[in-house]
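Below is one structure, written out as structure tokens, with a few remarks after it.
Only a predicted model underlies this, so the values are computations on that prediction, with no experimental measurement involved.
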Amino acid sequence: MQSNKVLDAKGLACPMPIVKTRKAINELNAGDVLEVHATDKGAKADLSAWAKSGGHELLQDTEEAGVLKFWIKKA
């Protein structure tokens, strides 16, 4: 999937992946896609809930070799 920016949040514990995601998405334009890489298992539920609460769209999420990847479209 094509993204406008990639955020490496691997090795960070909650709530840091959300904090970094919020900062990164604020730097993007509406409609841009942020790709987030995280290793905190709680990030799956956290990022999904955060995106929904902010009006953003979680386009896709996958897991590869213990790394959770998320694609979030900015509202």
Which residues pass the side chain to side chain donor-acceptor pair (under 3.5 Å) test with [X], not counting sequence neighbours?
{"X": "Q2", "value": "none"}
{"X": "K52", "value": "none"}
{"X": "K20", "value": "none"}
{"X": "Q60", "value": "none"}

How would you list, by chain and number, every residue that makes a salt bridge (charged side-chain N to carboxylate O under 4.0 Å, His left out) with [X], sequence neighbours excluded?
{"X": "D8", "value": "K10"}
{"X": "K44", "value": "D61"}
{"X": "E57", "value": "none"}

Note to self: Please give the remaining members of the hydrophobic cluster of L12, linking ILVMFWY side chains under 4.5 Å, ordered by chain and number.
What the structure shows: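 L12 clusters with M16, V19.
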Checklist line | Shared-cluster residues of L47, by chain and number - hydrophobic side chains joined below 4.5 Å | finding: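 Grouped by the 4.5 Å side-chain rule, L7, I18, I25, L28, L34, V36, W50, L58, L68, F70, I72 form the rest of the cluster around L47.
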Where is the tightest heavy-atom contact between [X] and [Y], given as atom of each residue plus distance?
{"X": "A75", "Y": "G54", "value": "CB-O, 4.4 Å"}
{"X": "P17", "Y": "T21", "value": "O-OG1, 2.6 Å"}
{"X": "D40", "Y": "A13", "value": "OD2-C, 3.9 Å"}
{"X": "A43", "Y": "A38", "value": "CB-CB, 4.0 Å"}

Check: Can any side-chain N or O of T39 pair as donor or acceptor with the backbone N or O of G11 at less than 3.5 Å?
Finding: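 At least one qualifying donor-acceptor pair exists.
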Item checked: Pairs satisfying salt bridge (charged side-chain N to carboxylate O under 4.0 Å, His left out), at least one member in residues 21-38, at least two apart ->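 Found K5-E27, K23-E27.
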Check: Can you list every pair that meets salt bridge (charged side-chain N to carboxylate O under 4.0 Å, His left out) and has a residue in residues 66-75, with sequence neighbours left out?
Finding: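 Salt bridge (charged side-chain N to carboxylate O under 4.0 Å, His left out) check on residues 66-75 returns E64-K69.
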Margin query: Does any part of the side chain of D46, heavy atoms only, come nearer than 4.5 Å to the side chain of C14, both counted from C-beta?
Written below: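 Yes, their side chains come closer than 4.5 Å.
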Note to self: Applying ring pair (Phe, Tyr, Trp, His ring centres under 6.0 Å) as the test, list every pair that has at least one member in residues 6-47; sequence neighbours left out.
What the structure shows: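 The answer is none; no pair qualifies.
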